[in-house]
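Throughout, protein chains are lettered first and strands after them, A, B, ... in sequence-line order, and every chain is numbered starting at 1. Hydrogens, waters and symmetry mates play no part in the numbers below; they use all other heavy atoms, side chains included.
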Protein chains: 2
Amino acid sequence: MSLDNAILGWLSTGPGSGYDLVRQMDLGLNWFWGAAHSQIYPRLKELEARGLISSEQITVGTKLEKRVYTITDAGREAVRKWTSEPPTYPPNRDNERLRLIFGDHGDLKAMRRHFETHLDHYERRRESLQEFVDVLTSRQHPRIEQRIAAAMSEALKEITLAAREMAYRGDLRRAEFEIEWAKECLAWLDDFERRHDLGETSGTDELPASVSATGT
Amino acid sequence: MSLDNAILGWLSTGPGSGYDLVRQMDLGLNWFWGAAHSQIYPRLKELEARGLISSEQITVGTKLEKRVYTITDAGREAVRKWTSEPPTYPPNRDNERLRLIFGDHGDLKAMRRHFETHLDHYERRRESLQEFVDVLTSRQHPRIEQRIAAAMSEALKEITLAAREMAYRGDLRRAEFEIEWAKECLAWLDDFERRHDLGETSGTDELPASVSATGT
DNA sequence: CCGACCATGTAATATGTTACATGATTGT
DNA sequence: ACAATCATGTAACATATTACATGGTCGG
């Protein structure tokens, strides 16, 4: 399971609790894998049962129990094995594109909303990635710095940093690309509306007559 | 379910069998949703039970039975409703990036294989998308042309074509971007190996001494 | 007559989401 | 004391993958 590998990979950069992982995955948009806590806790148990991680119970305050997991040598070996296999590419599942290509009924308001949502989504993502990349580049990311400090050679230190720069900067540019695309689509829409004199129609759906091919 | 919407959307461009859908989804890389036949057939039954599609049994040759589905008005309405909602963005699940950031153990061969796999994957995808876009732009795609022909107004015809141009050309550029990224990563690797005099080491894993932080 | 492809299904398993459930800590 | 957040779990349901299963058609 890739979720297992995401967990192991993250624990390979330092110990952490299930809750830490949850936060990485749902709050940190900067992360390449997402999962709900209901999926994470059971996996941690199983990884421990398989000997890939070990845990230690910690009590916060008087009663709050917290379990901190640490990767084992077997776990480290599993990460190494998994990362040395080439990436796999699951089938595309893009509800955004699907909605776009089948939403060609002439509802211009919906199309506009579509592109604006896309733009907004990737602008947020860009911002959040930009912040992460800034932290990374200014060498302020604690877990990554730890990993660099632990590296045995200059070459390994460089690889550790470079791998992340490539990954996160690549994603940043992906986000920038999506923003650009959404803006171009919006520009097309603007032009379309101008050409079809739909500048200030407002109120009802645009193209009211032409839409009724099937009945609305 | 988005799979249902993908099926409905596709059937909204003309009737087709389950097998036709299977081919769209696994052979045609040009498609924005992927699903196995084992998932498609049961969904078709359910969509029919819900009255969103209807089917007709056709016999090919003497015995081979084939079921051709046609979207109903209720189905068309469902597509319209679904496409007018803004897109949603599921959590990222990118095993490629995950492998990259946690695969920083100094196995340069694995890193190279990683980038080459990425490059290869997106070059194939680009090619296949390019073909599709060419067919689209030269107005040779039968289903899309049918849909354009059925559109009630010039404005709707334009939207039908433009939505697909935006979607597919956008994906084409995505693929081109990934190719560019992979090439840059490979260039970094080349440079890294040059700087660390690992030009012609061959045989064993690169960086043999420095890797042994944990064992191996 | 044989291989490639057409055509459709079920079952078991794996993975992911949403809802339900509980209680502690920390800062204000 | 109250809210936000820490912290961990289970159950039900939805979705997706892999394996198992069967048989027909068509062209060479």
Would you say [Y] and [X] are linked by a side-chain donor-acceptor pair, where the criterion is simply a distance under 3.5 Å?
X: B:Thr13; Y: B:Gln146; result: no
X: B:Arg169; Y: B:Thr137; result: yes
X: A:Asp20; Y: A:Gln24; result: no

Taking NZ, NE, NH1 and NH2 as the nitrogens, is one of them in [X] or [Y] under 4.0 Å from a carboxylate oxygen of the other?
X: A:Arg164; Y: B:Asp104; result: yes
X: B:Glu145; Y: B:Arg139; result: yes
X: B:Asp94; Y: B:Arg99; result: no
X: A:Arg125; Y: A:Glu178; result: no
X: A:Glu46; Y: A:Arg50; result: yes

In whole Å, I'd like the distance from the [atom1] atom of [X] to the [atom2] atom of [N].
X: B:Lys66; N: D:dT22; atom1: NZ; atom2: P; value: 24 Å
X: A:Arg67; N: D:dG9; atom1: CZ; atom2: P; value: 7 Å
X: B:Asp4; N: D:dA14; atom1: CG; atom2: C1'; value: 11 Å
X: A:Met25; N: D:dC6; atom1: CE; atom2: P; value: 17 Å
X: B:Arg23; N: C:dT8; atom1: CZ; atom2: P; value: 10 Å
X: B:Ile40; N: C:dT10; atom1: CD1; atom2: P; value: 14 Å
X: B:Glu46; N: C:dT8; atom1: CD; atom2: P; value: 18 Å
X: B:Tyr69; N: C:dA7; atom1: OH; atom2: C1'; value: 11 Å

Quick one: is [X] getting a side-chain N or O under 4.0 Å of the [N] phosphate, OP1 or OP2?
X: A:Lys45; N: D:dT8; value: no
X: A:Tyr41; N: D:dG9; value: no
X: A:Tyr19; N: D:dC6; value: yes

Distances under 3.5 Å between nitrogen or oxygen atoms of protein and nucleotides 16-18 of chain C:
{"unit_1": "C:dG16", "atom_1": "OP2", "unit_2": "A:Gln39", "atom_2": "NE2", "d": "2.6"}
{"unit_1": "C:dG16", "atom_1": "O5'", "unit_2": "A:Gln39", "atom_2": "NE2", "d": "3.4"}
{"unit_1": "C:dT17", "atom_1": "OP1", "unit_2": "B:Arg93", "atom_2": "NH2", "d": "3.4"}
{"unit_1": "C:dT17", "atom_1": "OP2", "unit_2": "B:Arg93", "atom_2": "NH2", "d": "2.8"}
{"unit_1": "C:dT18", "atom_1": "O4", "unit_2": "A:Ser38", "atom_2": "OG", "d": "2.4"}

>> So for atom CD, which belongs to B:Glu127, do other residues, nucleotides or ligands contribute more than 12 heavy atoms lying within a distance under 6.0 Å?
In response: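 Open: at most 12 neighbouring heavy atoms sit under 6.0 Å from CD of B:Glu127.
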> When rounded to the nearest 0.5 angstrom, what is the spacing between OH in B:Tyr168 and CD1 in A:Ile101?
Replying inline: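 Going from OH on B:Tyr168 over to CD1 on A:Ile101, the span is 4.0 Å.
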> When the C1' atoms of the five terminal pairs at each end define the local axes, what inter-axis angle does the helix from C:dC1-D:dG28 to C:dT28-D:dA1 show, to 10 degrees?
Replying inline: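 The angle separating the two end axes equals 30°.
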>> Strictly under 4.0 angstrom, non-hydrogen atoms only: write out the protein contact profile of nucleotides 23-28 of chain D, one letter per nucleotide from the 5' end, B, S or -.
In response: BSS---
>> As a quick check of understanding, evaluate ring pair (Phe, Tyr, Trp, His ring centres under 6.0 Å) for A:Phe177 and A:Trp181, giving each step before the final call.
In response: CA-CA 6 Å; A:Phe177 165 75; A:Trp181 178 82; 7.8 Å; no
